[in-house]
2 protein chains.
Amino acid sequence: MTARTPDSARDIPEATVARLPVYLRALTGLAEGGTTTCSSEELAASAGVNSAKLRKDLSYLGSYGTRGVGYDVEYLRYQIAREIGVTQDWPVVIVGIGNLGHALANYSGFRSRGFRVVALLDADPDRHTDVVAGLEVRSFEDLETIVAEHDVSIGVIATPAVAAQSVADRMVASGITSILNFAPTVLSAPEGVDVRKVDLSIELQILAYHEQRKAGAIETEVLS
Amino acid sequence: MTARTPDSARDIPEATVARLPVYLRALTGLAEGGTTTCSSEELAASAGVNSAKLRKDLSYLGSYGTRGVGYDVEYLRYQIAREIGVTQDWPVVIVGIGNLGHALANYSGFRSRGFRVVALLDADPDRHTDVVAGLEVRSFEDLETIVAEHDVSIGVIATPAVAAQSVADRMVASGITSILNFAPTVLSAPEGVDVRKVDLSIELQILAYHEQRKAGAIETEVLS
DNA sequence: TAGATTGTTAATCGATTAACAATC
DNA sequence: TAGATTGTTAATCGATTAACAATC
């Protein structure tokens, strides 16, 4: 009867969840470099966070370190991977095989992190002859069949903005419960369906905002 | 002598800055749909946030609404665009013209939001004959010349992870002060240089984490 | 034992939200 | 004036951070 119950994995703060993949990547890097043990200070440095935050984050998962020593790289890596759920294989479908869908289909970082692209779908029949990343581009009409066949729960949307909501609705209807949206539009989805958005131009706009303020500061200096 | 000084644009919270581009997009959508006036409630709905947060965010910029009436869509759109800095044109270079660089170069959302891709660079000479999105792919060696010529302050990195840090260093040396990094690695940059990261697989891992917990919840239900 | 480093506490900081006075 | 909706206040919530007791 210890204080640490196996499934106390319950409420990990969102901010921590978002950093776990970063720690995972850092640990993989350390392991590849031959490091077998590391301190919170070292791991924090390779993940680009401060060590207090790292230790606090890890404390939500359990006590996987050794005081006075640090963390076993391989052991911690496995524990985090298990916590995120990437020790298992996640089948994924990508809808919208334009430039971005093409890039996503070929992105090796998915496969190496537990995601397996099982199908590429596009509404445009002209694309159905294409083979991208070793997969034939199929009709969007095949969505339900594919989701059922491969037990897909994660869908990626890389269509134009106008099509995104109807694709999302159809994904939800077919049984998908997590959506990664690259289309520049806000999607609505029922309770229980997670939607995350990656917006390329928003990141650039945030940089522009700060850049503008830098320029402003210089102007002020020059004028004063 | 009002309470609102034009340059009190000073300290806008980071969380607010990150949402301004979302509001901008929502306003553009409303304008295209023919809406000329909207309430905070309506705008919040199309941006996918709650209205209290929206009003609080807008209050950092100034008082651009009318009590009892709402906001003039076009006026507010302009004010936000000005605040972000996208009323001016930002020249951008993209380094690394693989699948992702290709997609980024062709992404129309950049151009339409005040970003102009002035050059595509790649270290691989085999790619230097390619024309992508109407631009010739040039040698990475041309970076300094291009940055100076077009007064580029924003760089986009879409290279493999191993090359990213050296590309970033070279960008900084050439005068670039904002970097958007798509390579799956943590970049270090000197004080005064902003780095933002977009990591495709991290978003998918966050979804997997939540998906796994849904599955766990179902299992628990079945077992009980 | 002495030195090192974790895991946790508590203080601080920033973000969200509801409620409502101000005001069109 | 009455109704509507903003802009702001204040309370709450969650995230970050420094500091340090626990412990290898």
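Keep in mind it's a predicted model, so treat the numbers as computed, not measured.
For B/Glu14 and C/dA15, the CD to P distance is 8 Å, given to the nearest whole Å. If you measure from atom CG of A/Leu58 to atom P of D/dA15, you get 16 Å, rounded to the nearest angstrom. Rounded to an integer number of Å, the gap from CG of B/Asn50 to P of C/dA19 is 12 Å. Spacing between atom CD of B/Gln79 and atom P of D/dG7 amounts to 12 Å, rounded to whole angstrom units. In this structure, A/Glu42 places its CD atom 9 Å from P of C/dT6, rounding to the nearest Å. Atom OH in B/Tyr60 sits about 11 Å away from atom P in D/dT9, given to the nearest Å. In this structure, CZ of A/Arg19 is placed 8 Å from P of D/dA15, rounded to the nearest angstrom. Distance CG (A/Asp11) to P (D/dG14): 10 Å, rounded to an integer number of Å.
Note on B/Tyr71: a side-chain N or O is less than 4.0 Å away from OP1 or OP2 of D/dG7. Residue A/Thr66 places no side-chain N or O under 4.0 Å from the OP1 or OP2 atom of D/dC24. In this model, the phosphate group of C/dT6 is approached by a side-chain N or O of A/Ser40 to a distance below 4.0 Å at OP1 or OP2. Taking 4.0 angstrom as the limit, B/Arg55 places none of its side-chain polar atoms (N or O) nearer than this to OP1 or OP2 of C/dA22.
The partner of D/dA15 is C/dT12, judged by Watson-Crick or G-U wobble contacts that both fall below 3.5 Å. Across the strands present, D/dC24 finds its partner in C/dG3; the criterion is a Watson-Crick or G-U wobble pair with both atom distances under 3.5 angstrom.
With respect to the salt-bridge test (charged N to carboxylate O, under 4.0 angstrom), the residues A/Arg77 and A/Asp72 do not qualify.
Nearest to the side chain of B/Arg67, among C/dA21, C/dA15, C/dT17, sits C/dA21. For B/Lys56, counting side-chain heavy atoms from C-beta on, the closest listed nucleotide (C/dT5, C/dT17, D/dT17) is C/dT17. Of the candidate nucleotides D/dG7, C/dT6, D/dA15, D/dA15 has the atom lying nearest to any side-chain atom of A/Pro13.
Contact between A/Pro21 and A/Val17 at its shortest, heavy atoms only, is CD-O, 3.1 Å.
Annotation: of the two residues near DNA chain D, B/Gly70 and A/Asp57, the 5′-most nearest-nucleotide partner is B/Gly70.
Figure legend: B/Arg116 and B/Phe110 shown without cation-pi pairing, the cationic atom not lying both under 6.0 angstrom from the six-membered ring centre and within 45 degrees of its axis.
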Carefully, step by step, assess B/Tyr75 and B/Tyr64 under the rule ring pair (Phe, Tyr, Trp, His ring centres under 6.0 Å). CA-CA 8 Å; B/Tyr75 180 64; B/Tyr64 297 133; 5.7 Å; yes

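Only one option out of A/Leu120, A/Thr159, A/Val156, A/Ile179 pairs with A/Val95 in a side chain to side chain contact (heavy atoms under 4.5 Å, CB included); it is A/Thr159.
Within the 4.0 angstrom heavy-atom criterion, only backbone atoms of the sugar-phosphate kind lie near A/Ala15; the bases stay farther away. Across all strands, B/Glu41 comes closer than 4.0 Å to no nucleic acid atom at all (heavy-atom distances).
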